[in-house]
Amino acid sequence: MSPRGYVVPVIITFTANPSLDRGAPLSGELRVGSLNRLGRVYSAAAGKGVVVSAAVHAAGHPTRAIVPVDAMDPLAEALRVRGVPSRMVPVGRRARTNLSITHPDGQITRFNEPGEPLTPENQTALVSALHATLPGAAWLALCGSLPPGTPDNWYVRLTDIARQVGVQVAVDAHGPALDSVVRAGARAPDVISPNVTELEQVTGRPIRTALEQGDLHQATAAALELRAHGITSVLATLGANGAILACDDGVWHAEADPVEMVSVVGAGDAALAGYLLACHAGHDPAARLRRAVAYGTACVTLPGSEVPTPGQAADVPVQVRQIA
Ligand SMILES: Nc1ncnc2c1ncn2[C@@H]1O[C@H](COP(=O)(O)OP(=O)(O)OP(=O)(O)O)[C@@H](O)[C@H]1O
Ligand SMILES: [Mg+2]
C-alpha cells in the first residue's frame, strides 16, 4: 500500500475491446427466420482482461483492469456492479455488446460486435493509463481482440513498455494480434495462452482432430514450436482435454475429472488468472498448470461468465503429468 492508501495491483489486465456481455438460454431448438423465446437474460461486464481481473480480485489479490469506457456507458455501470477494480479510460464511444445464446444441448452460439474504432488519441490515453498503473506490478495481461484502428503489433509495443519497468507480460489474443506477438522475437511476451483454435491458427497443425483421437502430440509440438519463437512459457488450453504447459523446465499436461458443464464463457480467462496467481505465489510449473486447469474447470461449472473463487478451484481434482 502506498502512503496515500493506493494499493499497488500485482496483476494488471488490459482489455482494448471490452464488452457488455448479454446471454440467455434458448427454451427450444433454434428456429431460423422465426420467433425464438429466451429464458432469463444475464448481463455482465466482460472482455477477457475484465474476467481475468474478476478472478484475481475474487482471490483477494490487488488487480486493476484497464478498460476504454466512458463513465456513463452501461459497461461502466456493469463494471461497478461486478466489483472489478478498474481504471476506466474515457474514449467517447460506446462499448460493444456481445450476445451468447445457450442451446438446450449446452452449445453456445455467440454474436460478437467488432467494437468501435479506437482513435490515435484513445490509444495514447490508454498507454498513459498503462504507464501510470504499471510501477510495482508483477504481471500485465494483454487480453482479447484489438478493436479497429489499432496496429496489429500493439501488444508487442505494450509488452516493451511493461518490460521497461520490470513487469512480466502474458498475452491472450487471436488473429493478427497473436501472429504479431509470435513473430516478435526478443520482444515476445513471457507467457501466451492460446486455445485449440488459436494454436491451429498460428501453427497450421491439425490439433483438434488429433485431440479427438486422444492424441496430445500435435498440441505438444505446437506449444514447443511457439517456444522456439522466443516465448518463455506457452499455456495451451485444450477445452475438455485440459491444458499443456511448455516452459524452460519441460512440458506438462493436466486434466480434470469430467464435470457437469454449465457455461464455457470465460474458461480461458479463468485458466489464465489461475496460472498468473500461481506464478505470483512462486509455484513450480506443475503447480502453475494445476491451478490453471482447476480454475478453467471450475469456471465451466458456473453460469454465464462467473469466475471461481480459490475454494471452488481447489475443490477440482486435477491430474498433472510431465510429458517431455
Ligand atoms: N468442456 C470442458 N470441460 C472441462 N473443462 C473445460 C471445458 N472447457 C474448458 N475447460 C477448462 O477451461 C480451460 C480453458 O478452456 P478453453 O481451452 O476452452 O479456453 P478458451 O477457448 O480460451 O476459452 P474462452 O472462451 O474463455 O476464451 C481448459 O484448459 C480446461 O481446463
Ligand atoms: Mg481464450
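Whatever order the structure lists them in is the order used to number ligands and atoms, beginning at 1. Here the structure is a predicted model, which is why all the values come from computation and not from measurement.
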Are the aromatic ring centres of Trp154 and Phe14 under 6.0 angstrom apart?
yes

Less than 3.5 Å apart, any donor N or O on the side chain of Gln201 or Asp179 sitting next to an acceptor on the other?
yes

Please work out whether any backbone atom (N, CA, C, O) or any side-chain heavy atom from C-beta onward of Val196 is under 4.0 Å from ligand 1, and answer side chain, backbone, both or neither.
neither

Using a 3.5 Å cut-off and no angle test, enumerate the donor-acceptor pairs between side-chain atoms of residues 56-72 and protein atoms at least two apart in sequence or in another chain.
from, atom 1, to, atom 2, distance (Å)
His57, NE2, Gly83, O, 3.3
Thr63, OG1, Ile11, O, 2.6
Thr63, OG1, Ser53, OG, 2.9
Asp70, OD1, Val91, N, 2.7
Asp70, OD1, Gly92, N, 2.9
Asp70, OD2, Gly92, N, 3.0
Asp70, OD2, Arg93, N, 3.3

Pull out every atom of ligand 1 sitting under 4.0 Å from any heavy atom of Gly296, numbered as shown with elements.
11 (C), 12 (O), 13 (C)

In ligand 1, which numbered atoms sit nearer than 4.0 Å to a non-hydrogen atom of Met261?
1 (N)

Atom 27 (O) of ligand 1 [closest protein heavy-atom partner, distance rounded to 0.1 Å]
Lys48 NZ, 2.8 Å

Which atoms from ligand 1 have a heavy atom of Gly242 less than 4.0 Å away?
28 (C), 29 (O)

Atom 21 (O) of ligand 1 - nearest protein heavy atom and its distance
Asn195 ND2, 2.8 Å

Does ligand 1 have an atom that lies less than 4.0 angstrom from a heavy atom of Glu255?
no

Among Gly239, Ala271, Ala243, Ala267, closest by any non-hydrogen atom to atom 30 (C) of ligand 1
Gly239

Would you mind finding which of Cys299, Ala236, Gly268 brings a heavy atom closest to atom 26 (O) of ligand 1?
Gly268

Dump the intermediate steps for side chain to side chain donor-acceptor pair (under 3.5 Å) on His174 and Thr197, then the final yes or no.
CA-CA 9 Å; His174 62 266; Thr197 309; over 6 Å; no

Heavy-atom gap Arg110 to ligand 1 smaller than 4.0 Å
yes

For the CZ atom on Arg22, are there more than 12 heavy atoms of other groups (residues, nucleotides or ligands in this structure) within a distance under 6.0 Å?
no

List, one per line, each side-chain donor-acceptor pair under 3.5 Å for residues 211-224, sequence neighbours excluded.
from, atom 1, to, atom 2, distance (Å)
Asp215, OD1, His217, N, 2.7
Asp215, OD1, His217, ND1, 2.8
Gln218, OE1, Arg205, NH1, 3.0
Thr220, OG1, Leu216, O, 2.8

Show me which atoms of ligand 1 lie under 4.0 Å from any heavy atom of Val300.
6 (C), 7 (C), 8 (N), 9 (C), 10 (N)

Go through ligand 1 atom by atom and flag the ones less than 4.0 Å from a non-hydrogen atom of Val293.
31 (O)

How about Asn195 and Thr237: does a side-chain donor come under 3.5 Å of a side-chain acceptor?
no

Using atom types as modelled and distance alone, determine if a side-chain donor or acceptor of Arg163 lies under 3.5 Å from a backbone N or O of Val167.
no

